[in-house]
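To start, the structure under review is shown below, and the notes come after it.
The chains referred to below are lettered A, B, ... by the order of the sequence lines, with proteins before strands, and numbering in each begins at 1.
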Amino acid sequence: MSFSGKILDWYHKNKRTLPWRKSTDPYKIWLSEIILQQTRVAQGTPYYLRFVETFPTVDDLANAEEEQVLKLWQGLGYYSRARNLHAAAKMVVDEYNGKFPDNYKKLLTLKGVGDYTASAISSICFNEPHAVVDGNVYRVLSRYYGIDIPINSTEGIKYFKALAQKVMDPDHIRDYNQGIMEFGAIQCSPKKPLCLHCPLNDSCVALEKGLVHQLPVKLKKTKVSNRYFNYLIPIYKDTNGKKYTRLQQRKGKGIWQNLWEFPLIESKSSLENKDIVLKSNVIFGDLDINDIHIYNDTDIVHKLSHQHLYTKFWIVDVNTDFDHKISVEKLSEFPVPVLIADFIKAFKF
DNA sequence: AACGCGGGGAC
DNA sequence: GTCCCAGCGTT
């Protein structure tokens, strides 16, 4: 049996029942594909369910505020996906008259949709013969065919796309594409592949040569940088005992774009109490600061894939009312990074 | 061609 | 600790 035949056979016996597999509605498939970019099925599934529940149609999503989309996305990471998701929904409504693009080329014009996602949607929804190449496919193909070209090199990306396109089954593309990804996730997994009872173990080059654990080859990742965050949490209690604090929205290019956080002092290294007091007086202008004390004695280290954030939270008690204040009960309405959400949850306002 | 972008789970 | 996940956009 051919490679694709065995993949299809394996898929029919082993496929999981996943919520998006009940439909070929391009809106729902697109939603699932964006959510699952660089994200495990287990992590993305509850988000998918909340999104289809909250936004049943692309029109509903397009008409939402970006704030609401980001709030629903909170905790999933790579927030440009959420911003692009919203922008793409608007494109579908405005430029495609509300009808989801129905072929690979048009799908590629949507923000946040690249070769993988356009291939996935066009094959699953419209039976177009475009082979998907995701992390699973790189692993399966590199092992089965014994290819050691780095998967994240320009040559590798081109090579594996062509190979995937060559070995696919164009007549069963919907199941083939999902099948090879599922096979990579469950059978041909990164660490402990189940080679012993694999339907391809009589013809897998990596298995024959003992290279299973050396493939796929991947170029080195960039190094992690350290940053030092000091969050100032102003707290003002009015005459009724109601408490207020302040959030501000992150703008610019870096992490957590358009998400909200407390006023931030970033420094090259760990700051001392007196430095914080000094800078707090600048940040909060002429406010009457009653007391400043640290919340966490040792730094909270928030680890992103490319940055380690050494974080201190400082409680700033103020005696006077201030602008841009929000009541602490409203904190949960803002989309915030996990680092901030964890603090809000742990701190007793 | 290289880099920036999150968070979490498996080991 | 390391690796990687149904990748994409920017520089």
Choosing from [options], which nucleotide comes nearest the side chain of [X]?
X      : options             : answer
A:L18  : C:dA6, C:dG7, C:dG9 : C:dA6
A:L304 : B:dG7, C:dC8, C:dG1 : B:dG7
A:T117 : C:dG7, C:dA6, C:dC3 : C:dG7
A:W20  : C:dA6, C:dG1, C:dG7 : C:dA6

Practice task
Give A:R21 one of three labels, base, sugar-phosphate or nothing, depending on what nucleic acid heavy atoms sit under 4.0 Å from its own.
Solution key: base
Handout entry: Sugar-phosphate, base or nothing in reach of A:V132, heavy atoms under 4.0 Å
Key = nothing
Exercise for the section: Please figure out whether A:N84 or A:D134 has its closest DNA chain C nucleotide nearer the 5' end. Expected result: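 Upstream on the strand: A:D134.
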Practice task
Using the closest heavy atom to pick a nucleotide of DNA chain C for each, name whichever of A:L110 or A:R16 lands nearer the 5' end.
Solution key: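 Final value for this comparison: A:R16.
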Problem - OP1 or OP2 of B:dG7 under 4.0 Å from side-chain N/O of A:R40 - result: no
Exercise for the section: Give a yes/no on whether any side-chain N or O of A:Q38 is located under 4.0 angstrom from OP1 or OP2 of C:dC5. Expected result: no
Practice task
Determine the interatomic distance between P on B:dG8 and the same-named atom on C:dG9; round to the nearest Å.
Solution key: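 Looking at atom P only, B:dG8 and C:dG9 are 24 Å apart.
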Exercise for the section: For B:dC3 versus C:dA6, give the span between their C1' atoms, rounded off to a whole number of Å. Expected result: 22 Å
Practice task
Round to the nearest Å and state the distance from A:H308 atom NE2 to B:dG8 atom P.
Solution key: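 One finds 14 Å between P of B:dG8 and NE2 of A:H308, rounded.
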Handout entry: d(CG, A:L108; P, C:dG7) in whole Å
Key = 16 Å
Problem - Interface residues of residues 155-182 of chain A with DNA chain C (non-hydrogen, below 4.0 angstrom) - result: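 Hits under 4.0 Å, by residue number: A:M181, A:E182.
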Handout entry: A:K192 vs A:L339, nearer the 5' end of DNA chain B by closest nucleotide
Key = A:L339
Handout entry: Nearest-nucleotide comparison on DNA chain B, the residue closer to the 5′ end among A:L76 and A:S153
Key =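 Closest to the 5' end, via its nearest nucleotide, is A:S153.
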Please list, for nucleotides 3-5 of chain B, all pairs of protein and nucleotide N/O atoms separated by less than 3.5 Å.
{"unit_1": "B:dC5", "atom_1": "OP1", "unit_2": "A:I255", "atom_2": "N", "d": "3.3"}
{"unit_1": "B:dC5", "atom_1": "OP2", "unit_2": "A:H306", "atom_2": "NE2", "d": "3.1"}
{"unit_1": "B:dC5", "atom_1": "OP2", "unit_2": "A:Q307", "atom_2": "NE2", "d": "2.8"}

Exercise for the section: Assign the ring pair A:Y228 / A:Y310 to parallel, tilted or perpendicular, where the plane angle (0 to 90°) is split at 30° and 60°. Expected result: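 Parallel: the ring planes of A:Y228 and A:Y310 meet at under 30°.
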Exercise for the section: Among Ile, Leu, Val, Met, Phe, Trp and Tyr joined by side-chain contacts under 4.5 Å, find the other residues sharing a cluster with A:I289 and list them by chain and number. Expected result: A:L232, A:Y236, A:Y244, A:I265, A:L271, A:I276, A:V277, A:I283, A:F284, A:L287, A:I292, A:I294, A:W314, A:V316, A:V318, A:F322
Practice task
First locate atom CG of A:L36, then atom OG1 of A:T45, and finally report the distance between them rounded to the nearest 0.5 Å.
Solution key: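 Rounded to the nearest 0.5 Å, the CG-OG1 separation comes to 6.5 Å.
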Problem - Pairing of A:D275 and A:K279 as salt bridge, 4.0 angstrom limit - result: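 Salt bridge: no.
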